[in-house]
Amino acid sequence: MKKMLMSLIICCATSVTAHGQTAGMSDITVLSVDVGRFEWGNKIIHVYENTRNQSVAATAIEKWQFVIEPLLSTRKTANGEIEYQKFLMDPLVVKHGKHEHLKRRNRVLVPLDLITNDARDRALDAITFVYPNSVKPPKDCRLGRSNVDILPLVEITISSSDIERPDGMMARNVAIAEKTQSFLTAPKQLFLKFDVWEKDNSGEEEVLDRFLKFLPFMQLDATVSFSVKSTKFNIAAIDIEKLKNTKLWIDLNGSGGVGTVSRHDLRTLAQEAAVSVRGTFTVEDPASFDQSFIQGLLSSARDVTADERFFQSEQGKSTYNADDLKPDTITKELNKVWTKDQGKDEWTLNTSSSANASFLDIISAGASGSLSTSKLKEWLKEHSIESDIQGNKIIAKSIALKQVNLSDFASRFNYGTEYRNVSGAKANLRTVIFGQPPAPNANPARFPSLAEQCDNKDGLKSMSSFFAQ
């Protein structure tokens with residue numbers, strides 16, 4: 001009884017009443033995609049990598065840290081039953097009219113494992129499958145059990161239809177004693193807490209016996225939150241072959257892999273290509289991937305001033321939208337949409353005219369109302385058009401284009417690139433707790449103990465000391 005009371009006191013001491021906010025927790029960031037997983041009873045447990053492995057300790061594998069999801073599994077005793085503790089409470093008082101009825105009541109604590117050495121071993125199996133050179137026992141063991149911990153749990157909320165629904169199996173005589181538990185420091189063990197009352201106060205424990213026999217078949221729903229953040233990341237290795245399948249490559253396939261386009265067309269083509277290319281990679285954050293791809297393409301392009309002479313050259317003939325971009329074509333289009341007011345030094349933009357659609361895309365932004373002749377020339381220059389204005393006519397002399405060397409661009413991205421963005425905390429995640437304890441590992445652990453496998457006494461650190469760096 002003394003031991004049981006001590007467990008109850010410790011469990012309650014780690015609980016806080018203000019849900020959602022905790023203090024003293026490590027600010028851990030993990031990759032949002034698991035590095036592996038393993039079976040645990042009726043569940044799959046995911047293994048996550050700490051981002052500091054690569055950013056802080058890239059060459060010191062012995063310092064790497066991984067975390068797994070809490071197992072949330074019941075334990076099995078030597079006789080095969082579920083481990084539990086019970087504590088006799090004050091009887092439950094039920095009133096029927098003027099009469100009071102006392103019912104014998106027990107508080108039942110069912111311990112849950114959050115992590116075990118068996119789970120660490122299975123996690124290490126998954127990790128070393130991804131990093132096969134990290135473990136070379138017996139003399140060069142660089143990863144061991146101390147490198148695997150659990151996601152730091154800060155809050156858990158329990159529910160069960162078997163108890164809380166009116167037609168539930170145990171609805172009339174069982175209640176979840178503490179539905180939500182919050183923790184100041186992440187626990188290594190927690191208890192499911194139930195109040196179980198009998199039909200009377202005679203000392204019989206028929207309901208308790210029935211509840212314990214039913215427990216292995218019960219499923220409890222859990223909502224969990226962790227003191228950890230995750231990163232979204234994009235990994236790509238762009239090469240020529242992948243680019244050849246995009247509209248960008250086809251439209252820019254000029255002389256010797258060099259294409260010339262308007263600035264607007266280049267951005268549009270790059271956006272289309274980014275969507276096409278990212279479909280072949282691991283892209284969790286499409287927006288940042290697209291931005292990087294587009295900026296990489298734009299930075300690989302150089303400005304070219306194109307006049308009538310340019311368009312007579314072989315390079316000009318292979319220009320994307322060449323006919324739309326020739327100065328004489330642009331002159332016609334400009335005079336369709338810009339009209340000089342009679343007797344005034346004012347030009348008015350009329351985008352409702354039948355101008356070429358591609359041309360309207362080039363000059364549509366940033367114009368409103370009327371412009372003077374000098375302001376119009378400045379505005380056209382801002383839109384890459386060098387012009388001469390004679391009377392009420394605009395004459396395009398040249399246009400600034402973007403020349404792209406696709407080979408140079410592809411070579412820049414012809415390697416693994418990675419972009420990461422920190423997302424929010426892992427909170428309010430749904431999981432389940434199965435009453436049946438998981439079966440023991442059928443395969444002998446490859447990592448029976450850190451001491452037996454590793455001679456490395458200096459490199460292995462606890463998670464707390466590692467994150468304190």
Side-chain angles (χ1 to χ4, degrees), residues 1-15 38-45 68-89 104-123 145 148-150 153 156 158-160 162-163 168-170 173-179 181 183 186-198 203-222 224 431-445 447-449:
M1 180 67 73
K2 184 176 182 180
K3 182 178 180 182
M4 178 189 64
L5 285 172
M6 181 65 71
S7 298
L8 180 62
I9 292 170
I10 292 174
C11 182
C12 293
T14 58
S15 230
F38 59 89
E39 292 184 9
W40 189 260
N42 294 314
K43 292 194 292 187
I44 299 294
I45 301 296
I68 65 173
E69 295 163 333
L71 303 177
L72 298 177
S73 59
T74 57
R75 301 174 184 169
K76 187 177 292 187
T77 62
N79 61 5
E81 297 178 354
I82 291 178
E83 182 179 328
Y84 72 93
Q85 301 172 31
K86 68 174 182 176
F87 175 71
L88 184 62
M89 302 176 67
R104 183 182 179 89
R105 179 171 53 169
N106 283 289
R107 170 67 54 86
V108 179
L109 304 180
V110 180
L112 296 181
D113 280 328
L114 301 185
I115 191 168
T116 65
N117 281 339
D118 186 12
R120 286 187 171 96
D121 293 338
R122 299 193 201 190
R145 286 176 177 170
V148 180
D149 213 317
I150 55 170
L153 183 68
I156 182 169
I158 304 295
S159 62
S160 173
D162 292 318
I163 296 174
M169 180 74 174
M170 307 302 301
N173 296 91
V174 178
I176 300 174
E178 192 174 0
K179 287 180 60 65
Q181 300 180 49
F183 306 96
K188 294 295 184 184
Q189 173 182 286
L190 60 83
F191 291 87
L192 296 176
K193 305 175 185 180
F194 305 96
D195 283 346
V196 182
W197 54 89
E198 303 295 329
E204 298 292 331
E205 294 186 338
E206 177 185 347
V207 175
L208 176 60
D209 184 61
R210 185 161 62 95
F211 170 72
L212 294 174
K213 289 180 178 178
F214 178 63
L215 193 56
F217 307 98
M218 187 181 296
Q219 175 180 312
L220 297 102
D221 297 313
V224 293
T431 185
V432 293
I433 299 172
F434 294 102
Q436 181 65 44
N441 192 354
N443 300 318
F447 304 88
S449 73

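Since we're looking at a predicted model, the values are computed, not measured. Both backbone and side-chain heavy atoms feed into the values below; hydrogens, waters and symmetry mates do not.
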Nearest non-hydrogen partners of F194 and V110, listed with the distance: CE1-CG2, 4.0 Å
One pair to check against side chain to side chain contact (heavy atoms under 4.5 Å, CB included): L153 and L190. What are the steps and the verdict? CA-CA 10 Å; L153 183 68; L190 60 83; 3.5 Å; yes
Between R107 (side chain) and K193 (backbone), is there a donor-acceptor pair under 3.5 Å? no
Can any side-chain N or O of T431 pair as donor or acceptor with the backbone N or O of A222 at less than 3.5 Å? no
Taking all atoms of both residues into account, what is the closest heavy-atom pair of W40 and P438, and its distance? NE1-CG, 3.4 Å
Has the side chain of N173 got a donor or acceptor atom that lies under 3.5 Å from a matching backbone atom of V196? no
Could you grab the distance from atom CE of M218 to atom OG1 of T74, nearest 0.5 Å is fine? 11.5 Å
Would you name the heavy atoms of I45 and P70 that are closest together and state the gap between them? CD1-O, 4.1 Å
Contact between F183 and I156 at the side-chain level, heavy atoms closer than 4.5 Å - yes or no? yes
Verify the neighbour count for atom NZ of K213: are there more than 12 heavy atoms of other residues, nucleotides or ligands below 6.0 Å? no
With rounding to the nearest 0.5 Å, note down the distance linking CD1 in I150 to CD1 in I115. 6.0 Å
Nearest 0.5 Å please: distance from the CG atom of D195 over to the CG atom of N106. 9.0 Å
Taking all heavy atoms of A175 and all of I163, pick out the closest pair and write down the distance. CA-CG2, 4.0 Å
Taking the side chain as everything from C-beta on, heavy atoms only, tell me whether E39 gets closer than 4.5 Å to I44. yes
Distance in Å, R75 CZ paired with L112 CG, rounded so as to fall on 0.5 Å steps: 8.5 Å
I'd like to check F87 versus L109 (side-chain heavy atoms, cut-off strictly below 4.5 Å). Are they in contact? no
Would you find more than 12 non-hydrogen atoms of other residues, nucleotides or ligands less than 6.0 Å from Q219 atom CD? yes
With rounding to the nearest 0.5 Å, note down the distance linking CG in N117 to CZ in R145. 4.0 Å
Yes or no on side chain to side chain contact (heavy atoms under 4.5 Å, CB included) for L220 and V432, after CA distance, side-chain angles and deciding distance? CA-CA 6 Å; L220 297 102; V432 293; over 6 Å; no
Do the side chain of Q181 and the main chain of F191 share a donor and acceptor less than 3.5 angstrom apart? yes
Thinking salt bridges, do E198 and R104 make one under a 4.0 Å N-O criterion? no
So which atom in A123 and which in V148 form the shortest heavy-atom distance, rounded to 0.1 Å? CB-CG1, 3.9 Å
Non-hydrogen atoms of S160 and I176 that approach each other most closely: N-CD1, 4.0 Å
To the nearest 0.5 angstrom, please state how far the CD1 atom of I433 sits from the NZ atom of K43. 6.5 Å
Do D118 and T116 have side-chain atoms, one donor and one acceptor, less than 3.5 Å apart? no
